[in-house]
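These numbers come from a predicted model, not from an experiment. First the proteins, then the strands, lettered A, B, ... as listed; each starts at 1. Values reported hereafter were calculated over all heavy atoms of this structure, with side chains retained and with hydrogens, waters and symmetry mates removed.
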There are 2 protein chains.
Amino acid sequence: MLKITRKVEYALIALSQMQMKEDESLTSVKEISQQNDIPYELLAKTMQLLARAEIVEAVKGPHGGYRLKKDPTEIKMTTFFEIIEGPMGFMDCYFDSNCDQIHSCSIRTPIQRINDSIRDMFNNISLNDITRSV
Amino acid sequence: MLKITRKVEYALIALSQMQMKEDESLTSVKEISQQNDIPYELLAKTMQLLARAEIVEAVKGPHGGYRLKKDPTEIKMTTFFEIIEGPMGFMDCYFDSNCDQIHSCSIRTPIQRINDSIRDMFNNISLNDITRSV
DNA sequence: ACTATACCCGACAAATTTAGTCTTAATTAA
DNA sequence: TTAATTAAGACTAAATTTGTCGGGTATAGT
Ligand code: FES
Ligand code: FES
């Protein structure tokens with residue numbers, strides 16, 4: 001119930017490796033997947049999500065690959081998670097508000113508070129906090 | 001990836017309702033499941049978990065049911081979650097430590113930190129913080 | 001003693017979500 | 001032109017969550 005998914009894990013590993021390299025240098029999916037024994041296709045799709053969100057920049061063709069586009073210091077983990085997995089909520093009732101019991105529900109408010117706390121927490125952790133080498 | 005499960009949700013609703021009643025009074029699974037439109041069998045199994053963990057006390061026979069056994073103020077949410085769902089970790093590698101990459105893994109330490117933050121957070125929220133009426 | 005009502009427990013099945021695969025583009029360096 | 005790379009989406013497989021079933025045990029009321 002509080003577990004990171006593979007896609008997030010793979011993305012973090014990838015970005016972490018990219019950050020260890022020189023600024024403008026490119027890293028290919030093949031490289032990362034081989035070095036870390038990550039399924040190529042899955043990592044590829046995940047990198048595409050990051051590219052669409054402009055976290056990384058893609059360069060096609062031979063010797064192509066990805067490089068960082070945004071400063072990881074400026075990216076909140078909340079944002080990062082949602083890029084990869086979509087909206088993040090501790091309970092369903094906040095997104096699909098077609099919950100019948102929404103008026104009578106006794107735990108809605110306190111769960112909402114927890115939800116906010118979790119978001120606060122991840123708003124205050126940057127991508128760089130996880131992917132930096134030091 | 002950060003979502004409460006039904007079993008936890010149902011347990012919280014149940015405990016919340018029980019807390020609204022008089023101290024020694026009993027509440028049956030049937031009662032809770034009907035009033036909140038929760039699948040009877042699933043709620044029953046969930047209550048059994050709480051009974052085994054001595055969060056609640058079961059009384060068998062006609063007019064039986066459950067009553068609170070421990071003070072909800074004294075129960076950490078971490079404990080509560082783990083009673084219902086088993087060990088809670090942000091990444092698998094902490095429990096089944098048969099991860100090949102555990103030595104070379106670049107994100108292990110930072111993820112560990114997040115894991116600790118989450119646990120800290122839920123160690124500082126009591127069951128009562130969620131189930132109290134006021 | 002019998003019966004109805006409650007909790008107990010584990011095995012099963014269905015539904016949902018996550019993980020992984022495959023196929024077909026589009027781009028570009030050499 | 002060819003090989004290497006990203007892009008995108010459909011598809012399958014595995015894992016997890018959710019819900020069901022069938023048989024127990026205990027006990028209050030009669
Ligand atoms: S069950 Fe939907 S708001 Fe509580
Ligand atoms: S992948 Fe297992 S410790 Fe990082």
Side-chain angles (χ1 to χ4, degrees), chain A residues 1-11 13-14 18 25-34 36-69 81 84-92 95-96, chain B residues 1-11 13-14 18 25-34 36-69 81 84-92 95-96:
Chain A
M1 90 172 259
L2 276 176
K3 204 153 42 185
I4 214 177
T5 61
R6 296 285 181 195
K7 280 199 295 196
V8 169
E9 184 186 339
Y10 297 160
I13 290 174
M18 289 166 72
S25 68
L26 292 167
T27 313
S28 72
V29 170
K30 191 178 176 189
E31 194 181 328
I32 299 172
S33 78
Q34 284 178 349
N36 299 280
D37 201 32
I38 294 173
Y40 176 89
E41 314 285 351
L42 189 50
L43 178 60
K45 273 205 308 190
T46 307
M47 291 309 293
Q48 283 161 30
L49 293 174
L50 297 182
R52 275 184 233 169
E54 306 198 335
I55 304 285
V56 299
E57 181 180 16
V59 174
K60 292 185 182 179
H63 313 300
Y66 294 96
R67 68 164 70 96
L68 285 171
K69 189 167 182 186
F81 287 153
I84 299 183
E85 313 214 337
M88 164 180 124
F90 199 51
M91 211 166 139
D92 288 329
F95 299 112
D96 53 331
Chain B
M1 88 172 258
L2 276 176
K3 203 153 41 184
I4 215 177
T5 61
R6 295 287 181 194
K7 280 200 296 196
V8 169
E9 184 186 340
Y10 296 160
I13 290 173
M18 290 166 70
S25 68
L26 292 166
T27 313
S28 72
V29 170
K30 190 178 175 190
E31 194 181 328
I32 300 171
S33 79
Q34 284 178 348
N36 299 281
D37 202 30
I38 294 174
Y40 177 88
E41 314 284 353
L42 189 49
L43 178 60
K45 274 204 307 190
T46 308
M47 291 308 293
Q48 284 160 30
L49 293 174
L50 297 183
R52 273 183 234 170
E54 306 199 335
I55 302 286
V56 299
E57 181 181 14
V59 175
K60 293 186 181 178
H63 313 301
Y66 294 97
R67 70 164 68 96
L68 285 170
K69 189 167 183 186
F81 288 152
I84 298 182
E85 313 214 337
M88 164 181 125
F90 199 51
M91 211 167 139
D92 288 329
F95 299 113
D96 55 330

Just checking A/G64: base, sugar-phosphate only, or nothing, at a heavy-atom cut-off of under 4.0 Å?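 Sugar-phosphate: the residue A/G64, judged by heavy atoms under 4.0 Å, touches backbone atoms but no base.
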Considering only side-chain heavy atoms of [X], which listed nucleotide, [options], is closest?
| X | options | answer |
| --- | --- | --- |
| B/A58 | C/dC7, C/dT21, D/dG19 | C/dC7 |
| A/H63 | C/dA30, D/dA8, D/dG19 | C/dA30 |
| B/K60 | D/dT18, D/dT27, D/dT6 | D/dT27 |
| B/Y66 | D/dA10, C/dC7, D/dT27 | C/dC7 |
| B/V29 | C/dC7, D/dA7, C/dA19 | C/dC7 |
| A/Q48 | C/dC8, C/dA19, D/dA7 | D/dA7 |
| A/R52 | D/dA8, D/dG19, D/dT5 | D/dA8 |
| B/K45 | D/dT20, C/dA29, D/dT6 | D/dT20 |
| B/L42 | C/dC7, D/dA7, D/dG19 | D/dG19 |
| B/P62 | C/dA19, C/dC9, D/dA28 | D/dA28 |

d([atom1], [X]; [atom2], [N]) in whole Å:
| X | N | atom1 | atom2 | result |
| --- | --- | --- | --- | --- |
| B/L2 | C/dT18 | CG | P | 11 Å |
| A/E41 | D/dT6 | CD | C1' | 12 Å |
| B/D37 | D/dG19 | CG | P | 11 Å |
| A/I84 | C/dT17 | CD1 | C1' | 17 Å |
| A/E9 | C/dA19 | CD | C1' | 12 Å |
| B/K7 | D/dG19 | NZ | P | 11 Å |
| A/L49 | C/dT18 | CG | P | 14 Å |
| B/L26 | D/dA28 | CG | P | 11 Å |

Can you check whether any acceptor in the base of C/dT17 is under 3.5 Å from a donor in the side chain of B/K3, or vice versa?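 By the distance-only test, no, there is no pair.
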So which atom in B/S28 and which in B/G64 form the shortest heavy-atom distance, rounded to 0.1 Å?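 Heavy atoms of B/S28 and B/G64 come nearest at CB-O, 4.1 Å.
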Considering non-hydrogen atoms only, spot the tightest contact between B/T46 and B/A11 and give its length.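 Heavy atoms only, the tightest pair is CG2-CB, 3.8 Å.
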For residues [X] and [Y], determine if any side-chain heavy atom of one lies less than 4.5 Å from a side-chain heavy atom of the other.
| X | Y | result |
| --- | --- | --- |
| B/L42 | B/K7 | yes |
| A/R67 | A/V59 | yes |
| B/M47 | B/L43 | yes |
| B/L50 | B/I84 | yes |

Side-chain N or O of B/Y40 closer than 4.0 Å to phosphate OP1/OP2 of C/dA6: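 No, B/Y40 has no side-chain N/O under 4.0 Å of OP1/OP2 on C/dA6.
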Are any of B/Y10's side-chain N or O atoms less than 4.0 Å away from OP1 or OP2 of D/dG19?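 Yes, such a contact exists.
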